[in-house]
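A short worksheet on the structure shown next.
Along the sequence shown, residues are numbered consecutively beginning with 1.
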Amino acid sequence: MVTTNIGNNIAILGMDIDVQTIEDNVISLEMLFKTWLHDYGTEREHLHLLLPLGGFSHATAPKTTLMCLKCDLQERLLDPALLSGMADGTMRTADLNLPCQMAAWPATVLYKLRVVKALKSEGVCESVLYGLPFIIKPTSCWQLDWDELETNQQSFHALCYSLLKRKWMLLAKCEPQNTSPNWNIMVHSYYIIVPSDSATLLVKAVAIRELLLPSTFPALLAEHPESVHGPIESALNSLEVEVTYNPLHLKSNLYKYLKSTLYKPLQKQQAQPRDQRPERHPPKQHQSRAKAMVAPLLMAPSPVQVFRPAAVRRDSCERSLLPKEYDKFLQ
């Protein structure tokens, strides 16, 4: 068994190399590579969470006075819309066109979420939440004083504890990024902030009136005929029950699909009889301007080209983009 060991810094060419030892299994290796997708920069904070001064009690301070918790954002999931051609084709990129779609990387925008209400946890319907979830954690910005960092972290942990104890969620409105006079009408985005057992908060976009579609559903019946209720109960009793959901137990063949789109073996040309082969005539060249024929070099595509749709890549990717030693890992 191999344990994680971080901190052996080796100075080579003025750079610090962080040596890490991971568990000897595929999941640990996969998670190591995925850590590269996180932004660990500490140059600035990502999010300011604004609450009324004095918490949720009826304080004498004016409501315009706000308490600011400085936070960082972290992605929870990879965006399936960025992966070209998902298998079922149901992924949509509509979330990218929202007035305020938060992103944790690159942290070039400072988001401000102003808490407007507290909600009971059982009073939020999952059907009105949409978009990718983000993790909120206390900031580790190095530009803040150590005392401010410590106070900010303690206040953040106290907020998580109090929300979890009260079984509350927070409804927050995103403050506008551009306050220029040209923006006469601002479209506001709203978010639900959910506490957890860890010292983090979960934030997801919540629907507003303009986004809702009409829906009328009948109330659930309290009693059902035994001829219908019996088979349903029998079917449910035959299912395996798990206490918690573990996403590591499910596989969608995504790696195999990406491998099939990135790896294309060379297509062997069928040999043709000599009498059916087209005649090739050498190009006419002037003696004074003879051109040297040099085979073009194969250039590796950029990461942006790799994730383009398959229809665009069909003519330009005829060779393998991945070494053969990666085949075992991607299966």
Side-chain angles (χ1 to χ4, degrees), residues 34 37-39 45-52 56 66 68-83 86 88 90-139 156-177 186-213 215 244-248 250 252:
K34 286 183 179 180
L37 303 178
H38 282 311
D39 177 26
E45 60 269 22
H46 304 166
L47 171 70
H48 284 180
L49 187 60
L50 307 177
L51 297 97
F56 300 102
L66 300 176
C68 177
L69 296 182
K70 298 181 180 181
C71 312
D72 289 340
L73 285 174
Q74 178 178 314
E75 292 94 344
R76 184 65 178 92
L77 303 171
L78 284 173
D79 188 356
L82 300 179
L83 303 176
M86 294 296 291
D88 55 1
T90 58
M91 300 302 176
R92 301 180 180 179
T93 58
D95 293 344
L96 301 178
N97 299 323
L98 292 177
C100 177
Q101 179 66 22
M102 290 191 299
W105 187 89
T108 57
V109 178
L110 178 60
Y111 300 99
K112 294 182 180 181
L113 292 182
R114 183 169 61 87
V115 176
V116 294
K117 285 184 180 180
L119 304 172
K120 293 288 186 179
S121 299
E122 63 272 13
V124 179
C125 181
E126 292 287 339
S127 65
V128 297
L129 302 180
Y130 65 95
L132 293 176
F134 282 87
I135 302 297
I136 301 179
K137 56 185 180 180
T139 186
F156 186 90
H157 289 186
L159 174 64
C160 297
Y161 176 80
S162 298
L163 290 177
L164 199 61
K165 180 181 178 181
R166 297 172 182 234
K167 297 182 180 180
W168 280 7
M169 298 181 181
L170 298 179
L171 176 63
K173 181 175 68 172
C174 186
E175 295 292 305
Q177 301 292 337
M186 301 299 302
V187 179
H188 300 286
S189 299
Y190 288 84
Y191 295 87
I192 291 292
I193 299 176
V194 185
S196 66
D197 293 332
S198 62
T200 58
L201 297 171
L202 184 71
V203 57
K204 289 198 67 175
V206 64
I208 53 179
R209 186 181 69 181
E210 292 87 344
L211 298 180
L212 286 180
L213 293 175
S215 58
T244 59
Y245 168 71
N246 190 346
L248 299 180
L250 299 180
S252 64

Is any side-chain heavy atom of [X] less than 4.5 Å from a side-chain heavy atom of [Y]?
X	Y	result
K120	W168	yes
L132	P80	yes
I192	V203	no

Closest approach of [X] to [Y] (non-hydrogen atoms, all atoms of both residues):
X	Y	result
C174	Y191	CB-CE1, 4.0 Å
S196	L164	O-CD2, 3.6 Å
K173	V116	CB-CG1, 4.3 Å
P195	C160	CB-O, 4.1 Å

Atom pair [atom1]/[atom2] of [X] and [Y] - distance to nearest 0.5 Å:
X	Y	atom1	atom2	value
M169	K117	CE	NZ	16.0 Å
K167	L119	NZ	CG	16.0 Å
R114	H188	CZ	NE2	8.5 Å
S162	H157	OG	NE2	12.5 Å
L113	E175	CG	CD	8.5 Å
K204	Y130	NZ	OH	10.5 Å

| request: Begin with the C-alpha distance, continue with both residues' side-chain angles, and end with the deciding distance and a verdict on side-chain contact (heavy atoms from CB on, under 4.5 Å) for C71 and T139. | output: CA-CA 4 Å; C71 312; T139 186; 5.6 Å; no
| task | Tell me, yes or no, whether the heavy-atom count around D197 atom CG, taken from other residues, nucleotides or ligands under 6.0 Å, exceeds 12. | result |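 Not buried by this count: 12 neighbours or fewer within 6.0 Å.
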| request: Among L49, L47, I136, find the residue that satisfies the side chain to side chain contact (heavy atoms under 4.5 Å, CB included) test when tested with L69. | output: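 Answer to the side chain to side chain contact (heavy atoms under 4.5 Å, CB included) test with L69 among L49, L47, I136: L49.
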| field | The single option from L50, L171, L51 passing side chain to side chain contact (heavy atoms under 4.5 Å, CB included) against V115 | value |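 The residue from L50, L171, L51 that satisfies side chain to side chain contact (heavy atoms under 4.5 Å, CB included) with V115 turns out to be L51.
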| side chain to side chain donor-acceptor pair (under 3.5 Å) against K137, all qualifying residues, sequence neighbours excluded |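 Side chain to side chain donor-acceptor pair (under 3.5 Å) list for K137, sorted by chain: Q74.
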| said: Could you go through L170 and L201, starting from their C-alpha distance and side-chain angles, then the distance that decides it, and tell me whether this counts as side-chain contact (heavy atoms from CB on, under 4.5 Å)? | reply: CA-CA 10 Å; L170 298 179; L201 297 171; 5.7 Å; no
| field | Stepwise side-chain contact (heavy atoms from CB on, under 4.5 Å) test for H48 and Y111 | value | CA-CA 6 Å; H48 284 180; Y111 300 99; over 6 Å; no
| request: Given side-chain contact (heavy atoms from CB on, under 4.5 Å), test D72 with E45 step by step and report yes or no. | output: CA-CA 6 Å; D72 289 340; E45 60 269 22; 4.1 Å; yes
